[in-house]
Amino acid sequence: MTDARDVTVVVASRNRRDELLTTLPRHQAPVVLVDNASTDGSVQAVRQAHPEVTVIALDRNEGAHARTRGVARAGTPLVAFADDDSWWAPGHLGRAVEIMRAHPRLAVLNARILVGPEERLDPVCAEMAASALGTPADLPGPALLGFVACGALVRSEAFAAVGGFDPVVRFPGEEERLALDLAAAGWGLAYVDSVTVHHHPSARRQAPGRRQAAVWRSTVLTAVMRHHVPELAGVLVGAFRAGRPGLEGLLRAVPDLPAAVVRRRPIPPGVRADLRRLAGQTA
């Protein structure tokens, strides 16, 4: 077990009881489970099978904001996120904690993510490893302006200072706004290939088209909150060109546009320039 004074694993879940009962015993630190109003008996099953787990049972689905509640309950300097279908490799969470200790500007450590029983490298990890932002001297790996929550260790102080995951963007694609705010505040995000997370995607997932629409919804709302007008216009044009998923994402974003506008705070020039560098890398 990793020292309970240092790190907590925070898991947000909804209606994945079987996955939880499989993955919870694999975590090597105290666990806070935030349940997004499951209707499949998840809360009762976990409380019975794993009484050592702290369970926060929400009365409505708050999406990724549930993780923010979990971080507040954890009360440790560091928090490792995991999904109900992911877990940190044995011994690797402790390794990540040591890396965070050695790099005080580091707010988010994104681990290498291996997918499925065949342990395929998640393609996004290859992109992060080749980040156009390079590796600053005070970070343990390539600098990032995004991350994958199920494979991230975060510094609670930094997370709380920028508001954590907000109730507007929800899920998926919730990481972008948080990453931009951390970078704007001077914190570092880095990919560290020597730390591993396993992700065995649940069979209980949204259909691909519906998930793509949800990602577009998050992209649009994040753009409204943080991007300058030219980039925001580019996102809107991209949504239209994406066809049905993009248009559906736009429509799903409409009810939350007022809340996004209230939270609008365009990113500073330095972060904007880094985004352009990354966009050039993937163009």
Side-chain angles (χ1 to χ4, degrees), residues 64 81 96 99-100 102-113 121-155 158-159 161-166 169 172-195 197 212 215-242 246 249 253 260 263-283:
F81 291 124
I99 293 171
M100 291 287 274
H103 298 85
R105 191 172 74 87
L106 183 62
V108 178
L109 182 157
N110 201 119
R112 177 179 62 158
I113 302 170
L121 181 69
D122 191 316
V124 74
C125 291
E127 294 180 14
M128 291 190 287
S131 172
L133 301 182
T135 302
D138 60 349
L139 294 182
L144 308 173
L145 281 179
F147 63 98
V148 181
C150 76
L153 177 65
V154 304
R155 197 175 302 274
F159 180 88
V162 300
F165 293 109
D166 62 69
V169 176
E174 71 278 11
E175 298 95 343
E176 182 185 2
R177 191 240 90 221
L178 177 59
L180 293 176
D181 283 1
L182 287 167
W187 291 98
L189 300 85
Y191 174 68
V192 179
D193 193 66
S194 61
V195 178
V197 164
Q212 291 170 14
V215 170
W216 272 112
R217 174 191 174 277
S218 296
T219 299
V220 168
L221 291 171
T222 298
V224 170
M225 287 192 283
R226 294 296 179 263
H227 289 316
H228 293 254
V229 172
E231 288 81 11
L232 171 57
V235 167
L236 296 177
V237 170
F240 277 106
R241 289 178 175 172
R263 291 169 169 80
R264 180 167 173 76
R265 190 172 65 251
I267 55 177
V271 178
R272 190 182 185 195
D274 284 346
L275 271 181
R276 287 175 171 170
R277 289 172 65 189
L278 291 172
Q281 175 186 17
T282 58

Worked verdict on Arg112 versus Tyr191 for side-chain contact (heavy atoms from CB on, under 4.5 Å): CA-CA 8 Å; Arg112 177 179 62 158; Tyr191 174 68; 3.5 Å; yes
Evaluation steps, side-chain contact (heavy atoms from CB on, under 4.5 Å), between Asp193 and Met128: CA-CA 10 Å; Asp193 193 66; Met128 291 190 287; over 6 Å; no
side-chain contact (heavy atoms from CB on, under 4.5 Å) between Leu189 and Asn110, intermediate numbers included: CA-CA 8 Å; Leu189 300 85; Asn110 201 119; over 6 Å; no
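Rounded to the nearest 0.5 angstrom, Thr222 OG1 and Leu232 CG are separated by 11.0 Å. With rounding to the nearest 0.5 angstrom, the CG atom of Asp274 is 9.0 Å from the CD1 atom of Ile267. A distance of 9.5 Å separates CG of Leu109 from NE2 of His103, quoted to the nearest 0.5 Å. Atoms CH2 and CG, on Trp216 and Leu221 in that order, are 12.5 Å from each other to the nearest 0.5 Å.
In this structure, the salt bridge (charged side-chain N to carboxylate O under 4.0 Å, His left out) partners of Glu174, at least two apart in sequence or on a different chain, are Arg67. Under the salt bridge (charged side-chain N to carboxylate O under 4.0 Å, His left out) criterion, Arg264 pairs with no residue, sequence neighbours left out.
Arg217 contributes no side-chain N or O that, together with a main-chain N or O of Gln212, makes up a donor-acceptor pair within less than 3.5 Å. Using a distance-only test at 3.5 Å, with no hydrogens or angles considered, a donor-acceptor pair links the side chain of Arg155 to the main chain of Leu106.
In this structure, the side chains of Pro230 and Arg272 come closer than 4.5 Å at one or more pairs of heavy atoms. Phe159 places none of its side-chain heavy atoms less than 4.5 Å from the side chain of Val108. Taking 4.5 Å as the limit, some side-chain heavy atom of Met225 sits within range of a side-chain heavy atom of Val169.
Shown here for Ala111 and Val197, the closest heavy-atom pair between the two residues is CB-CG2, 3.8 Å. Here the shortest heavy-atom pairing between Ala107 and Trp187 reads CB-CB, 3.6 Å. The two residues Met100 and Val154 make their nearest non-hydrogen contact at CE-C, 3.9 Å.
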Please list every donor-acceptor pair under 3.5 Å in which a side-chain atom of residues 134-151 meets a protein atom from a residue at least two apart or in another chain.
from, atom 1, to, atom 2, distance (Å)
Asp138, OD1, Arg105, NH2, 3.1
Asp138, OD2, Arg105, NE, 2.5

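We find that Arg263 and Asp166 are not joined by a salt bridge, their nearest charged nitrogen and carboxylate oxygen being 4.0 Å or further apart. The existence of a salt bridge linking Glu176 and Arg226 is excluded, since no basic side-chain nitrogen approaches an acidic carboxylate oxygen closer than 4.0 Å.
The one candidate from His227, Arg265, Glu175 that meets the side-chain contact (heavy atoms from CB on, under 4.5 Å) condition with Leu180 is His227.
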